[in-house]
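Have a look at the structure below before the remarks.
Proteins get letters first, then strands, A, B, ... in listed order; numbering begins at 1 in each.
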Amino acid sequence: MKEIEKAYEAKKYEDDIYEKWENSGVFTPKIDEKKESFTVSMPPPNATGTLHLGHATMLAIEDIMVRYKRMQGLSALWLPGTDHAGIATQNRVEKNLLEKGITRHDLGREKFLDEVYKFVEGSRNTIRKQIRKMGASCDWTRERYTLDEGLSKAVREIFVRMYNDDLIYRGNRIVNWCPRCSSTLADDEVDYKDKIEKLYWIKYGPFSVATTRPETILGDTAVAVNPKDKRYKEMIGKKYMIPGVLGDFEIQVVADEAVDIEFGTGAIKVTPAHSFADFEIAQRNNLPMKSVIDESGKMKENCGKYAGMTTLECREEIVKDMEKMGFLEKVEDFNHNLSVCYRCKTTVEPLVSRQWFIAVDKPAIEENGKKKSLKEKAIEVVKNGDIEIVPEKFNKTYFHWMENLHDWCISRQIWFGHQIPVWYCMDCEELNVATETPEKCKCGSHNLKQDEDTLDTWFSSGLWTFSTLGWPEKTKDLEYFHPTGVLETGYDILFFWIARMIIMTTYAMHEVPFKNVYLHGLIRTRDGKKMSKSSPETCIDPLDMIEQYGTDALRLSFVIGGTPGNDLRLYEEKIAGYRNFVNKIWNASRFSLMNVSDEDLATEFDPKKHIISRADKWILTKLQYLIKDVTDDMENFRYSEAGMKNYNFTWCELCDWYVEISKGKHLNPVVLIYVLKNILKLLHPFVPFVTEVLWSNLNEKKMLIEESWPKFNKDLLFDKEVEEMEILHQIISDIRSVRAQYSVEPAKKIMAVIYAGKYTKFLEEKIEPLKRMARIENIDIMEKGEKIEKAVCIFVSDIEIYLPLNELVDTEKEKSRLNKEKENLENFKKSLSAKLDNKSFVGNAPKELIENEKKRLAETEKSLEQINSQLADL
RNA sequence: GGGCGAUUAGCUCAGCUGGUUAGAGCACCUCGUUUACACCGAGGGGGUCGUAGGUUCGAAUCCUACAUCGCCCACCA
C-alpha cells in the first residue's frame with residue numbers, strides 16, 4: 001500500500017533521475033566479447049549551439065534506439081561530442097568582437113583563437129547540460145570534441161595518408177569565395193537566392209554578348225560558341241581584338257558544347273577566373289586565365305581606373321562608360337539565381353585560388369586487384385546494402401549527389417580549426433607534409449612555415465565514427481564498437497556529413513562507418529513553415545516545453561505521428577496531449593500501488609498460481625501481442641507505430657478496461673503488477689523519466705534502465721477468453737449507449753435481463769463488474785426466456801439483453817434505432833454475400849479469408865433475424 | 001531543366017507485404033465529482049482516402065495521366 005502524488009510533476013524528478021543514471025555507470029557500456037555491441041555516434045552539435053528542436057529530435061530518437069538495445073542486452077554505446085564548426089563558430093565570435101569594435105585582424109591569430117576557445121568552453125557546457133535535460137543516456141566518459149588532441153591527431157594522420165596516396169593535392173582551381181568570411185566554401189555550402197537582376201547586352205567586337213556581371217569583362221580571354229552553330233563557323237579558332245572600356249583586348253574564339261545555340265546570340269564571353277562554367281570551358285580549351293577580382297571582392301590593380309572598387313561599384317562605373325562609348329546595346333530584367341554564402345548570406349565570388357583538394361575520382365582504394373575511386377567505393381557500399389538508408393527513398397538522392405561530386409575543396413582561410421599539416425620550406429621549394437611539426441626540411445633548412453589555412457569542418461567530422469574511438473591507435477573500443485550501428489540525423493545533412501563520413505571511413509578503415517542511416521524529418525510549425533526564432537509565436541523552444549510539460553511529453557511529440565524522412569509539425573497542444581498521457585501512466589501506477597501490498601510486489605508472477613480471472617487472461621494475452629508488435633516495430637525503425645501501440649494499450653486496454661474491471665473484489669494484485677512492470681519496460685525508451693520514477697516504487701533491485709526488454713510468451717495467450725471478454729465489453733458499451741440515447745441519468749440505476757445462451761456461466765461470473773460499469777441495479781441472467789415488454793433490446797453475438805425502461809421506452813425511437821441497425825447489417829450482409837457469390841473471389845482468395853467471411857455472414861444473418869423479430873413486436 | 005515526396009474527418013497525422021463495414025489525437029456536441037487520473041470518465045457527430053483512367057475476384061494501398069502543394073539538385077550567358 002503506497003500512495004504517490006495525485007499528478008506527475010516532471011520537474012520534481014527529472015534531474016535527480018538523470019543524476020542517478022549517470023552516477024550509476026549504466027551509460028558506460030563494458031567491452032564484453034560475449035555480447036553484441038551497438039553503437040550510435042551522436043551527431044556532434046556545434047560548439048556554439050544551444051539546444052534547438054533539431055537536436056531535441058535527434059536526441060529523443062537516438063535515446064530510444066540506445067535504451068531499447070541496452071534493454072535487449074547489447075553492449076550499447078552512445079558516444080556524445082561537439083563539433084568545433086569552424087566557420088560558424090569563428091563568425092559568431094567575430095560578431096561578438098565587432099560589437100566592441102574589434103576585428104580578428106586587430107587581435108592576431110593567437111589572441112583571436114584564445115577568444116574563440118573561451119567562448120567555446122562556455123557554450124559547450126551549456127549544450128552538455130541541455131543534452132542531459134533531454135534524458136540522453138549517452139556515455140559522458142567517452143565524450144569527444146573535434147579539436148581534442150586525439151581527434152586532431154586522426155585528422156593529421158588521414159591528411160598525410162591521403163596526401164601520400166595522391167588523394168590530396170594542391171591546385172589552382174576556381175572556388176566559391178565568400179568575401180565576408182574571407183574563405184572558400186564547398187559547393188554545398190553555397191545557397192541560392194532568386195533575384196531579378198539586370199542583363200546587359202554588349203557590343204563585343206564582331207559579337208554581341210550578354211552578361212549580368214559587366215565588370216568581369218576585364219577578365220575575359222575568349223568567346224565561346226557552340227561547335228554546331230553555323231553562324232560562327234568561320235570564326236572558331238581565330239583571335240580578335242575587342243574594343244573595350246580600357247582599350248582593345250585580345251580574345252580567341254573557341255567551340256564548346258556547353259553553349260546553348262538558342263539562347264541570345266549564341267555567343268558567350270568567357271571569364272575563366274571568375275565563373276565556374278567559364279573555368280571549365282577554359283580548362284577544356286586551354287585558355288589563358290586573367291584574374292581581376294581579389295579576395296576581398298575588389299577589383300585588382302590590373303583593372304586600370306577601376307582598380308580598388310568593389311565589384312558592384314565597378315559594375316556601375318563600367319556600365320556608364322560603356323554607354324558613353326556606345327558598347328551598351330540594351331539592358332533587360334533577368335531572373336537570376338544568385339549564389340550566397342550559407343552562413344552569412346554574402347554574395348559568393350567565384351575566383352581562382354590555390355587550394356587543397358581531395359580527388360574523388362582518382363582510383364585509389366585497392367580491392368581484389370582493382371582500384372576504385374573514393375566516389376565509386378562510397379556508392380558501392382550503399383548499392384550493395386552494407387549501408388541501408390531509412391527511409392529508402394534517400395538512396396536515389398545519395399547516388400545522384402555522389403555521382404555528380406567534384407573534387408572536394410578542403411582548405412578554408414579561417415583561423416579556427418585544424419591547421420593544415422603542411423610546412424613550406426622558405427629556402428627550397430619542398431613541401432613537408434607530416435603529422436607532427438617537422439624540425440627541419442628535407443633540404444636541411446629550419447626555415448619552415450606552416451600553411452596558414454585550416455581544414456573544412458566536415459573533414460574532421462567525416463572521421464567522427466572512428467576518430468572518437470581512438471583511431472589511429474588500435475584501441476579495444478575501436479575494435480569492439482566499430483562499425484557503428486545506426487547513424488541518426490536530419491535528412492538535411494545527408495550530403496554535408498553522411499556522404500563525407502562514408503568517403504572518409506571506407507578509405508581509412510576499409511569498412512563502413514555504420515550499418516544503418518536513419519534520417520528524421522525537419523520540425524515545422526503548425527502551418528508547415530520552418531521554425532525560426534524570428535517568429536516567436538510559432539517557434540517552440542524545447543527547453544521551455546520541458547519546463548512546462550516535462551521531457552517525456554516532449555520526446556513523445558517528436559516520435560509519435562511522424563515517419564522517417566518526413567517533416568513533422570509541432571505545436572504546443574500536441575505536447576500537452578502527451579503530457580496528459582504521461583500523467584495517465586502515472587495514475588495507472590498510482591492506482592496499482594494503492595491496491596497492492598509489499599508482499600504482492602515481492603511475489604514473482606507464476607501463471608499457474610496467479611491467473612484467476614478471464615480478465616487476467618485477456619490482459620495477459622493483449623500484453624503478449626503488444627510485446628510482439630512493439631518489438632517488431634522497434635527492430636524496423638517504426639518508432640511511431642511502437643509508441644502508438646504502447647499508448648493505446650496503456651490508455652484503452654489497461655486503464656479503461658482492465659483497471660476498471662479490477663476495481664472491487666476482482667483485483668488481482670500479482671497480475672496487475674506484472675502487467676504494469678511490463679508496460680513500464682515497453683514504455684521506458686520513449687518516456688524514460690516517468691517510468692523510472694514509478695519503477696523506483698516497485699521495490700525492485702535494479703533500475704528500470706538496466707532491466708531486460710520483455711519477451712513474447714506464447715504460453716500466456718488465451719484466445720478464447722479474449723473473445724469472451726470482448727463480448728463483455730460490447731455488452732457494457734451497448735448498455736451505456738442506450739442509456740445515453742434515452743438520457744438515463746448516470747446516477748440512476750436500471751434493471752437488466754439477459755438471455756445469454758452459452759455465455760450464461762461466463763456472464764454470471766462477471767455480474768459484479770457488469771453492474772458497476774453499466775450502472776445496473778439488478779441483473780437476471782438466464783440461458784433463454786420470453787421477450788420482455790416495454791424494454792429496450794440489444795443483441796450482442798447471440799445474447800439478448802433487455803433493459804426494461806418502461807415508461808421511458810419510446811416505440812418510435814426504438815423502431816428507428818433498430819431500423820438503422822438493420823440497415824447497417826443489411827448493407828454489410830449484401831457486400832459479404834456479393835463477395836461469397838463471386839466465383840472468382842472464392843477461387844482466388846485465401847482460404848482463411850473465405851472462412852472468415854462466411855463466419856461473419858452467418859453472424860450478420862443471425863443478428864438480422866433477432867432485430868427483425870424484435871421489430872415485428874413493436 | 002532533372003529528381004523526390006505529399007494529397008485520408010475542421011486541424012495534425014497513422015494505415016508496414018493490396019482483403020478493416022477506413023483509424024488515432026486534438027477540436028466539436030451531450031452527459032457526468034462513481035475506491036487512480038477533470039492532465040479525467042461515458043456516449044456521439046464528422047471522411048464517396050486530390051481527379052480521371054487502368055491492373056485485380058478485391059485498391060486508401062499497385063500502375064498511368066492530370067491537378068495542387070512542398071522539398072532537393074543543377075543552372076544559362
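Rounded to the nearest Å, the gap between the P atom of B/rG18 and that of B/rC63 is 11 Å. B/rA14 and B/rA22 have their C1' atoms separated by 12 Å, with the value rounded to a whole Å. Nucleotides B/rG23 and B/rC49 are separated by 14 Å at their P atoms, to the nearest Å. Nucleotides B/rG47 and B/rA9 have their P atoms positioned 10 Å apart, rounded to a whole Å. The same atom, C1', is picked in B/rA74 and in B/rA27; the two are 44 Å apart, to the nearest Å. Nucleotides B/rU33 and B/rA38 are separated by 14 Å at their P atoms, to the nearest Å. For B/rA60 and B/rU21, the C1' atoms lie 15 Å apart once the distance is rounded to whole Å. Rounded to whole Å, the C1' atom of B/rU51 lies 23 Å from the corresponding atom of B/rC13.
Separating the OH atom of A/Y658 from the C1' atom of B/rG41 is a distance of 20 Å, rounded to the nearest angstrom. Per the geometry, NZ belonging to A/K854 stands 19 Å off P belonging to B/rC57, to the nearest Å. What separates CZ of A/F649 from C1' of B/rG25 is a distance of 20 Å, to the nearest Å. Rounding to whole angstrom units, CZ of residue A/R526 and P of B/rC13 are separated by 10 Å. Look at NZ on A/K530: it is 20 Å from P on B/rC69, rounded to the nearest Å. Per the geometry, CD belonging to A/E573 stands 18 Å off P belonging to B/rG10, to the nearest Å. Between the P atom of B/rU12 and the CD atom of A/E572 lies a distance of 18 Å, rounded to the nearest Å. One can place CD of A/E392 at 14 Å from C1' of B/rG5, the figure rounded to the nearest angstrom.
Both A/W401 and A/A7 lie near RNA chain B, and the one whose nearest nucleotide falls closer to the 5' end is A/A7. Across the interface with RNA chain B, nearest-nucleotide mapping of A/S275 and A/V659 shows A/V659 to be the residue nearer the 5′ end.
If you check B/rA36, B/rC72, B/rC40 against the side chain of A/N580, the one that comes closest is B/rC40. Counting only heavy atoms from C-beta on, A/A277 has its side chain closest to B/rC76 among B/rC71, B/rG41, B/rC76. The A/Y571 side chain lies nearest to B/rG25 when the options are B/rC40, B/rC73, B/rG25. When distances run from any side-chain atom of A/T397 to the nucleotides B/rC71, B/rA36, B/rC72, the shortest one goes to B/rC72. Here B/rG5 is the nucleotide among B/rG43, B/rG19, B/rG5 with the atom lying nearest to any side-chain atom of A/N566. Relative to the side chain of A/F495, the nucleotides B/rA36, B/rC39, B/rC72 differ in distance, and B/rC72 lies closest.
The partner of B/rC71 is B/rG3, judged by Watson-Crick or G-U wobble contacts that both fall below 3.5 Å. Across all strands shown, nothing is found opposite B/rU17 as a Watson-Crick or G-U wobble partner with both distances under 3.5 Å. Applying the Watson-Crick and G-U wobble criteria (two distances, each under 3.5 Å), B/rG25 pairs with B/rC11. Pairing of B/rC37, defined by two Watson-Crick or G-U wobble distances under 3.5 Å, is not identified with any nucleotide. In this structure, B/rU30 forms a base pair with B/rA42, meeting either the Watson-Crick or the G-U wobble geometry with both donor-acceptor distances under 3.5 Å. Base pairing analysis places B/rA65 opposite B/rU51; the two distances defining the Watson-Crick or G-U wobble pair are each below 3.5 Å.
Contacts of A/A210 with the nucleic acid, taken as non-hydrogen atoms under 4.0 Å apart, involve only primed sugar atoms and P, OP1 or OP2. Counting any heavy atom pair closer than 4.0 Å across all strands shown, A/N852 reaches no nucleic acid atom. Within 4.0 Å (heavy atoms only), A/V842 reaches no atom of the nucleic acid at all. Backbone-only contact: A/G561 has heavy atoms under 4.0 Å from sugar-phosphate atoms and none from a base. At the heavy-atom level, A/R638 lies under 4.0 Å from base atoms of the strands shown. Note on A/K396: only backbone sugar-phosphate atoms sit closer than 4.0 angstrom, heavy atoms only; bases stay farther off. Residue contacts for A/Y192: at a heavy-atom cut-off of 4.0 Å it reaches a base atom on one of the strands shown. Across all strands, A/W201 comes closer than 4.0 Å to no nucleic acid atom at all (heavy-atom distances). Across all strands shown, A/T265 has no heavy atoms under 4.0 Å from either base or sugar-phosphate atoms. If you check every strand for non-hydrogen atoms under 4.0 Å, A/N844 touches a base. Within the 4.0 angstrom heavy-atom criterion, no nucleotide atom of any strand lies near A/A747. Using a 4.0 Å heavy-atom cutoff across all strands shown, A/K574 reaches sugar-phosphate atoms only and no base atom. Note on A/T212: only backbone sugar-phosphate atoms sit closer than 4.0 angstrom, heavy atoms only; bases stay farther off.
At the phosphate of B/rG41, OP1 or OP2 sits under 4.0 Å from a side-chain N or O atom of A/W651. When the side-chain nitrogen and oxygen atoms of A/S733 are compared with OP1 and OP2 of B/rA42, none of them lie within a distance under 4.0 Å. In this structure, A/Y491 does not reach the B/rC72 phosphate: none of its side-chain N or O atoms is under 4.0 Å from OP1 or OP2. At the phosphate of B/rA14, OP1 or OP2 sits under 4.0 Å from a side-chain N or O atom of A/T563. Under 4.0 angstrom from either OP1 or OP2 of B/rC31 there lies no side-chain N or O belonging to A/R739.
For the residue pair A/S797/A/E859, the side-chain donor-acceptor check at 3.5 Å is not satisfied. Residues A/D600 and A/S597 bring a donor and an acceptor atom of their side chains to less than 3.5 Å of each other. With 3.5 Å as the limit, one finds no donor-acceptor pair spanning the side chains of A/E5 and A/W586.
Here the side chains of A/Y200 and A/R213 are not in contact, with every heavy-atom distance at 4.5 Å or above.
A/K584 contributes a side-chain N or O that forms a donor-acceptor pair with the base of B/rC37 under 3.5 Å. Below the 3.5 angstrom threshold, one finds no donor paired with an acceptor across the side chain of A/K6 and the base of B/rA36. Counting distance only, with no hydrogens placed and no angle test, the side-chain atoms of A/R579 and the base atoms of B/rC39 include a donor-acceptor pair under 3.5 Å. Side-chain to base pairing of A/E641 with B/rA24: no donor and acceptor N or O lie closer than 3.5 Å to each other.
Centre separation under 5.5 Å together with a plane angle under 30° does not hold for the ring of A/F841 and the six-membered base ring of B/rC57, so they are not marked as stacked.
A cation-pi arrangement is present between A/K663 and A/F591 under the rule of less than 6.0 angstrom and at most 45 degrees off the ring axis. Stacking of A/K269 on the aromatic ring of A/Y204 is not recorded, the 6.0 Å distance cut-off and the 45° axial limit not both being met.
Residues A/Y398 and A/F495 keep their aromatic ring centres 6.0 Å or farther apart.
The ring pair (Phe, Tyr, Trp, His ring centres under 6.0 Å) test with A/F394 singles out one residue from A/Y518, A/Y491, A/W401, and that residue is A/Y491.
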Pairs of donor and acceptor atoms involving the side chains of residues 575-582 of chain A, under 3.5 Å and at least two apart or interchain, shall be tabulated with distances.
none

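Residue A/L626 holds its CG atom at 8.0 Å from CD of A/E653, rounded to the nearest 0.5 Å.
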